[in-house]
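See structure below.
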Amino acid sequence: MNGIMIVLTLLSGVALFLYGMSLMGDGLKRVAGNQLELVLYKLTNTPIKGVLLGTIVTAIIQSSSATTVMVVGFVNSGMMKVAQAIGIIMGANIGTSVTGWILCLSYIDGSSGIAQLLSTATISAVVAIIGIIFKMFVKKANYKNVGDIMLGFAILMVGMQTMSGAVSPLKDNPHFVNLLTKFENPFMGIIVGIAFTAVLQSASASVGILQALSVTGSISFAAALPITMGIGVGAACPVLLSSIGTNKNGKRTALIYLLNDLFGMIFWSIVFYSVNAFVHFKFLNMTMSPIKIAMMNSIFRLATIMILLPCINLIEKLVFRLIKDDPEDLEEQADFDLLEERFLAYPALAIGQSHTAVNGMAKKARKNINRALSLLGDYSQDKYNKVQEKENLIDKYEDKLGTYLMQLTGQEMSTVQMQQVSKFLHTISDFERLGDHAVNISNVANEISEKKITFSESARKELSVLEAAVREIVDLTVDAFCEDDLELAAKIEPLRELIGILCNDLKNRHVTRLREGKCEFRQGFAFNDLLTNLERIAAHCSNVAVAMIETETSEFDTHEYLKSVRHMKDDAYLECFDSYARKYSIPPTKKEKKNK
């Protein structure tokens with residue numbers, strides 16, 4: 001019974017510790033606002049700066065995993081390169097050891113006078129009281145966040161005291177001492193460190209528990225060292241989980257975190273235990289205290305990074321070799337490599353490079369729309385994740401192309417060249433919006449799959465006709481743009497008009513089915529969302545065609561152009577429209593046949 005109470009008390013201390021650390025970290029991040037993120041990806045042009053920033057940020061937010069997850073997000077979105085991320089991750093490994101030194105404050109004790117004022121109980125109480133005053137009675141958001149930081153610190157300290165109090169009776173327990181002695185086996189100690197940290201998902205928490213166990217006087221250096229080595233590897237677990245669903249660079253960044261700690265564990269295990277085999281270190285039997293564990297943890301992490309820092313280029317090559325690029329990834333990078341700033345001085349060359357890059361963007365948008373539409377009939381989570389991943393890429397295209405083209409407008413160009421640049425600036429936003437609608441369609445497909453929504457047979461047939469028309473207008477648009485084919489561009493508006501008519505027709509038919517009880521309202525919402533997105537895709541395709549046709553004029557006037565086209569339809573327009581109407585006709589319902 002006594003053993004059960006010790007375990008429960010220890011677990012409650014762990015819970016308080018983790019909650020306090022989370023509350024303190026969240027409060028610190030809110031006080032800093034977005035400045036931490038800005039600093040992370042703007043000031044990492046050298047490895048040393050990256051290491052220093054990673055160290056400082058992790059020391060502030062008290063979590064190397066949180067820092068690395070943030071960096072994985074930056075690399076995944078394209079804001080940061082893998083090489084920049086390596087330095088920050090190395091710094092995060094050092095920064096996380098600061099928590100161990102903060103936890104040493106919880107072991108300050110005193111019985112009277114100044115010593116009592118500096119005791120953990122007094123410090124925690126004062127900090128908690130100030131924190132709750134800020135949290136409950138001060139209206140300013142920043143003060144409330146400071147209150148969270150102080151409350152988190154106080155809870156963290158109480159958690160450490162609870163853990164220490166739970167295990168302190170075990171110092172005279174021979175079974176417990178024998179158990180800890182087994183960890184002096186390096187292999188066993190490393191496995192325990194990895195497993196424990198993987199479960200807790202926090203290196204700081206694992207170090208804190210090791211410090212709490214050290215107060216029993218049963219933890220020797222021989223047991224503490226392998227556990228500390230294993231803790232770093234186990235902390236990679238939440239980072240690796242965060243990389244699920246990211247692109248290859250995001251996965252590479254998460255892998256770097258694992259490789260850093262794995263290398264440190266292997267390298268120092270070989271070096272330390274090989275030397276020990278000949279020298280027989282006397283300090284292996286030294287009894288560890290919380291301060292000694294904090295010092296050992298810091299020295300181990302710092303020594304690992306000192307060894308790895310000169311090898312950043314080798315680490316980058318290794319992760320790129322372990323997670324290889326496929327031909328599609330290489331093609332994407334080739335598009336971005338075209339936008340060289342050196343070409344800006346030669347507008348004709350820069351425009352040609354931009355056209356090739358916009359062509360790549362257009363093809364990616366088309367592929368993502370087709371990928372999203374295929375989810376409606378054959379849903380899979382992998383395909384859904386792929387749509388989201390490629391949408392980030394399309395956004396990256398818009399950002400890079402928009403910046404490059406705006407820089408190009410500052411150069412001296414001919415009228416024709418200015419028109420070309422204006423056309424590209426108009427069209428990249430439409431291609432980006434095509435990518436957005438692909439994501440919207442994939443979200444509808446996800447909802448249909450999760451809620452097990454099924455459309456009626458007639459609704460599925462109608463949708464298949466509309467989907468085919470949308471696929472064709474997207475193909476027409478991309479082909480016309482990539483080949484600068486104005487004849488193809490002229491065929492887009494008639495099809496857009498037909499798709500608008502089909503969408504209205506399908507909405508009316510679905511309302512009829514709802515009235516007749518053939519469909520439910522939840523089906524109606526999904527059906528209507530699909531129609532809206534398909535209609536908007538056609539509209540953006542029309543915008544691209546207009547931009548191409550209007551390039552011949554001195555300025556764009558999309559509204560006037562479309563107004564004239566729709567009110568002054570020539571024979572070619574009408575013939576094209578009739579051809580599409582026959583191709584994408586929807587058979588009338590029985591009721592419509594009867595009315596006729």
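These numbers come from the heavy atoms of this one structure, side chains and all, not from hydrogens, waters or symmetry mates. The chain is numbered in sequence order, starting from 1.
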Query raised in the report: After noting the C-alpha distance and the side-chain angles of Glu432 and Glu391, does the key distance pass the side-chain contact (heavy atoms from CB on, under 4.5 Å) rule?
Result: CA-CA 8 Å; Glu432 191 276 330; Glu391 164 57 14; 3.7 Å; yes
Query raised in the report: When you look at Tyr580 and Lys491, which way does the side-chain contact (heavy atoms from CB on, under 4.5 Å) test go after all the steps?
Result: CA-CA 10 Å; Tyr580 289 135; Lys491 295 180 179 180; 3.5 Å; yes
Requested in this report: Apply the test side-chain contact (heavy atoms from CB on, under 4.5 Å) to residues Asn443 and Gln388: give CA-CA distance (whole Å), side-chain angles for both, the deciding distance (0.1 Å), then the verdict.
Outcome: CA-CA 10 Å; Asn443 290 336; Gln388 318 307 312; 4.3 Å; yes
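Between the side chain of Ser542 and the backbone N or O of Ala538 there is no donor-acceptor pair closer than 3.5 Å. Looking at Thr532, its side chain does come within 3.5 Å of a backbone N or O of Asn528 through a donor-acceptor pair.
Glu398 contributes atom CD, which lies 10.0 Å from atom CG of Leu425 (distance to the nearest 0.5 angstrom). Note that the OG atom of Ser354 and the CE atom of Met361 stand 12.5 Å from one another [nearest 0.5 Å]. Atom-to-atom distance recorded for Leu344:CG and Tyr404:OH is 4.5 Å, nearest 0.5 angstrom. Rounded to the nearest 0.5 angstrom, Asn508 CG and Cys503 SG are separated by 11.5 Å. For the atom pair Leu502 CG and Glu497 CD, the distance stands at 11.0 Å (nearest 0.5 Å). The line from CE of Met548 to OG1 of Thr477 is 9.0 Å long, rounded to the nearest 0.5 Å.
Partner of Leu530 under the side chain to side chain contact (heavy atoms under 4.5 Å, CB included) criterion, out of Asn440, Leu373, Ile441: Ile441 alone.
Scored by the side chain to side chain contact (heavy atoms under 4.5 Å, CB included) test, Tyr379 finds Leu375, Gln381, Tyr384, Ala445, Asn446, Ser449 as partners (sequence neighbours excluded). The side chain to side chain contact (heavy atoms under 4.5 Å, CB included) search around Asp399 returns Thr403, not counting sequence neighbours. Every residue two or more places apart in sequence or in another chain that forms a ring pair (Phe, Tyr, Trp, His ring centres under 6.0 Å) with Phe481 is listed here: His355, Phe431.
A heavy-atom distance below 4.5 Å is found between the side chains of His540 and His437. With a 4.5 Å cut-off on side-chain heavy atoms, Asn260 and Ile315 count as touching. Side-chain contact between Asp395 and Asp436: present, with at least one pair of heavy atoms (C-beta onward) separated by less than 4.5 Å. Two residues are said to be in side-chain contact when any heavy atoms from C-beta on lie closer than 4.5 Å; Phe424 and Leu408 fail this criterion. Annotation: side chain of Cys541 is not in contact with side chain of Arg496 (no heavy-atom distance under 4.5 Å). Leu531 has its side chain out of reach of Asn504: every pair of non-hydrogen atoms, C-beta onward, lies at least 4.5 Å apart. Glu467 places none of its side-chain heavy atoms less than 4.5 Å from the side chain of Glu472. Counting only heavy atoms from C-beta outward, the side chains of Asn543 and His426 never approach each other to under 4.5 Å.
The number of heavy atoms from other shown groups lying within 6.0 Å of CZ (Phe320) is above 12. Environment of CD in Glu575: sparse, with no more than 12 heavy atoms of neighbouring residues, nucleotides or ligands closer than 6.0 Å.
For Lys363 against Cys482, the heavy-atom pair with the smallest separation is CE-SG, 3.9 Å. Residues Ala469 and Ile499 share a closest heavy-atom pair of O-CD1, 3.8 Å. Residue Lys390 comes nearest to Asn368 through the heavy atom pair CB-OD1, 3.5 Å, listed as atom of the first residue, atom of the second, then distance. The minimum heavy-atom distance linking Ala545 with Ala489 is given by the pair CB-O, 3.6 Å. Of all the heavy atoms in Glu535 and Gly500, the pair that sits closest is OE2-CA, 3.9 Å. Looking at every heavy atom in both residues, Met413 comes nearest to Pro347 through CG-CB, 3.6 Å.
Using a 4.0 Å cut-off between a side-chain N of Lys or Arg and a carboxylate O of Asp or Glu, Arg366 and Asp479 qualify as a salt bridge. A salt bridge is defined here as a Lys NZ or Arg NE, NH1 or NH2 lying under 4.0 Å from an Asp or Glu carboxylate O, and Asp505 with Arg509 meets this definition.
A donor-acceptor contact closer than 3.5 angstrom is absent between the side chains of Asn533 and Arg536.
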